[in-house]
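The structure under discussion appears below in the form of C-alpha cells.
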Amino acid sequence: MPIKHFLQFKDLDTDEINYLFDRARVIKGRFKRYEPYHPLNDRTLVMIFEKASTRTRLSFEAGMHQLGGSAIYLNTRDSQLGRGEPVEDAAQVISRMCDMVMIRTYEQSIIERFAAYSRVPVINGLTNEYHPCQILADVFTFIEHRGSIQGRTVAWIGDSNNMLYTWLQAAELLDFTVHASSPPGYEVDLALAGSSASRLRAFSDPLEAARGADLVTTDVWTSMGFEAQNDERRKAFADWCVDEEMMAAAAPDSLFMHCLPAHRGEEVAAQVIDGPRSVVWEEAENRLHTQKALMEYLLLGRL
Ligand code: CP
Ligand code: NVA
C-alpha cells in the first residue's frame with residue numbers, strides 16, 4: 001500500500017472518512033466493553049510537539065498503547081529539532097525508526113516538508129492552518145448525537161483559524177454548510193479556503209450566523225503562536241462570545257462544541273459550555289476513538 005498521510009482533512013476522500021467513522025464506532029465499543037484489541041502490536045508512533053497539548057498528546061499516546069503499540073514523545077525544547085536540524089534530515093532519521101509520526105507545529109509547510117521525506121505515514125496534530133484530527137472527532141460526535149451531518153448547518157463563531165479551515169474542508173467532503181462570523185479584519189482568507197469556500201456563508205453578525213444552526217461551535221480568540229496579538233484580539237472579539245441568546249437562535253435541538261481548552265466569559269459563556277446542549281466532554285473523548293481508527297487505517301488499510 002502506498003504511504004498515506006493525514007496532513008489536511010481532504011487528504012482522505014468521503015468514503016475513507018465514513019470508513020473511519022464506522023471503525024471508530026467499533027473500536028469505541030470494544031474499549032467501553034474492556035475488550036483488548038491490539039492490531040498495532042510492536043508498532044511505534046513518534047509524536048513531535050512544537051506547541052503545547054493536553055488532549056492531542058494524551059489521546060495519541062493512550063490510543064497507541066490501547067492498540068498494542070507504543071508512543072514516543074519528542075518536543076523542540078529537548079531534542080535537536082529545536083536546535084536547527086533541517087526538517088528533511090529529521091524526517092529521514094525519525095521515519096527509519098518508527099511506523100508512524102504525528103506532528104504539532106506552526107506552518108503547514110513544515111509538516112509537508114517532513115512528509116515529503118518520511119518513509120511512514122505522517123499525521124497533522126495541529127498546524128497554524130489545520131486541525132484535521134479534531135474535526136474528525138467533532139463530526140463523529142455530531143453523528144453519534146444527531147445522525148448524518150449531510151445537509152446540516154454548522155455555525156462557526158469567532159476566529160478564522162485552523163479549526164474553521166478544517167471545518168470548511170469537512171463540509172466540502174461531507175456535504176454540509178458552514179455559517180461563519182468573525183470580527184472585521186479576521187474573516188476567512190478565501191485563497192486558503194480554496195474550493196471549500198463554496199461551503200461557506202459569511203455573516204457580520206454572529207447571532208445571524210447561529211440562527212437555525214444544527215451545531216454552534218467556537219474556539220479561543222488567540223491561537224497558539226499568535227499570543228503577541230492577544231490585546232488587540234481581546235478588543236476585536238468582545239462581541240463574539242457564544243452565549244445563551246445565540247444558542248436560543250440556533251435550532252431547538254442544536255449542539256454546542258469547543259475543541260478545548262476554553263475560556264469561559266471570552267469565546268463562550270459558562271452557561272453554554274456547562275449547559276445542556278454542550279457535548280464538549282464527549283467531543284474530547286472521541287479524539288481517542290477516531291484517532292485509533294485513523295492510525296489503524298494508515299498502518300493496516302481497510303480491514
Ligand atoms: N483540542 C486540542 O487539540 O487540545 P490540546 O491542545 O490539549 O491537544
Ligand atoms: N485554534 C487553537 C486550537 C487549540 C487546540 C490553537 O491553534 O491554539
Side-chain angles (χ1 to χ4, degrees), residues 6-9 45-64 71 73-76 101-111 123-142 154 156-170 178 180-183 186-189 192-193 215-230 233-234 236-237 240-242 256-264 266-268 273 278-292 294-295:
F6 191 51
L7 307 183
Q8 307 186 22
F9 200 86
L45 168 75
V46 166
M47 309 182 295
I48 300 171
F49 283 91
E50 298 209 80
K51 293 176 177 170
S53 168
T54 298
R55 281 144 286 267
T56 303
R57 177 180 178 181
L58 185 57
S59 51
F60 271 106
E61 195 164 335
M64 198 60 190
Y73 172 81
L74 292 181
N75 65 37
T76 8
V101 180
M102 185 242 84
I103 306 179
R104 168 168 287 194
T105 187
Y106 294 89
E107 290 81 27
Q108 183 72 11
S109 58
I110 298 174
I111 199 168
I123 298 171
N124 181 346
L126 182 147
T127 57
N128 290 350
E129 288 87 347
Y130 303 114
H131 197 2
C133 293
Q134 182 69 52
I135 301 301
L136 213 50
D138 293 9
V139 175
F140 181 71
T141 308
F142 183 89
V154 173
W156 176 267
I157 311 297
D159 192 19
S160 298
N161 65 13
N162 41 14
M163 286 288 296
L164 175 54
Y165 289 107
T166 313
W167 269 116
L168 288 170
Q169 289 195 352
V178 178
S181 177
S182 308
Y186 296 91
E187 297 97 340
V188 171
D189 172 350
L192 180 55
L215 167 64
V216 180
T217 185
T218 185
D219 189 10
V220 291
W221 291 341
T222 305
S223 285
M224 291 182 280
F226 297 86
E227 289 79 2
Q229 302 173 8
N230 234 329
R233 283 172 170 267
R234 223 183 273 275
F237 283 80
W240 275 259
C241 172
V242 178
F256 173 77
M257 289 189 201
H258 189 308
C259 66
L260 306 176
H263 300 81
R264 287 170 177 75
E266 292 191 11
E267 75 273 8
V268 60
I273 192 167
S278 170
V279 291
V280 296
W281 314 126
E282 290 92 334
E283 178 189 4
E285 181 192 320
N286 281 333
R287 292 290 302 278
L288 175 69
H289 310 302
T290 49
Q291 287 162 201
K292 283 165 78 177
L294 174 69
M295 292 192 288

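Note that the numbering runs from 1 along the sequence shown for the chain. Remember, it's 1-based here, ligands and their atoms both numbered in the order they're listed.
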Do the ring planes of F237 and W240 sit parallel (below 30°), tilted (30 to 60°) or perpendicular (above 60°)?
->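 Ring orientation, 0 to 90° scale: perpendicular.
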When you measure from [atom] to every protein heavy atom, which one gives the shortest distance, and what is it?
atom                   : answer
atom 1 (N) of ligand 2 : D219 OD2, 2.6 Å
atom 7 (O) of ligand 2 : N162 ND2, 2.9 Å
atom 8 (O) of ligand 2 : M224 N, 2.8 Å

Residues Q108 and T127: side-chain donor-acceptor under 3.5 angstrom =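 Side chains of Q108 and T127: pair found under 3.5 Å.
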Of N75, N128, T56, the one forming a side-chain hydrogen bond (donor to acceptor under 3.5 Å, both in side chains) with K51 is N128
Atoms of ligand 2 less than 4.0 Å from L260 heavy atoms?
->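 With L260 as reference, the close atoms of ligand 2 come out as 5 (C).
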Any chance you could measure W167, atom CH2, to Q169, atom CD, to the nearest 0.5 Å?
-> 13.0 Å
Rounded to the nearest 0.5 Å, how far does CD of E266 lie from CZ of R233?
->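 Taking CZ in R233 and CD in E266, the distance rounds to 12.0 Å.
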If you take all heavy atoms of F60 and M47, which pair is closest and at what distance?
->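 F60 and M47 have their closest heavy atoms at CB-SD, 3.7 Å.
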Provide the closest heavy-atom pair for Q291 versus S59 in the form atom of the first, atom of the second, distance.
->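 Closest heavy-atom pair between Q291 and S59: NE2-OG, 3.0 Å.
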Does any N or O atom in S223 lie less than 3.5 angstrom from one in ligand 2, N or O only?
-> yes
Applying side-chain contact (heavy atoms from CB on, under 4.5 Å) between E267 and each of D219, I157, V220, report the one that passes.
->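 Considering D219, I157, V220, a side-chain contact (heavy atoms from CB on, under 4.5 Å) with E267 is found only for V220.
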Identified side-chain contact (heavy atoms from CB on, under 4.5 Å) counterpart of W156 within the set L168, V188, N161 = N161
Relative to atom 4 (C) of ligand 2, which among L126, L164, T54 owns the nearest non-hydrogen atom?
->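 Looking at heavy atoms only, the winner is L126.
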Considering only heavy atoms, which protein residues lie less than 4.0 Å from any atom of ligand 1?
->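 Its neighbours under 4.0 Å (heavy atoms only) are S53, T54, R55, T56, R104, H131, Q134, C259, L260, R287, given by chain and number.
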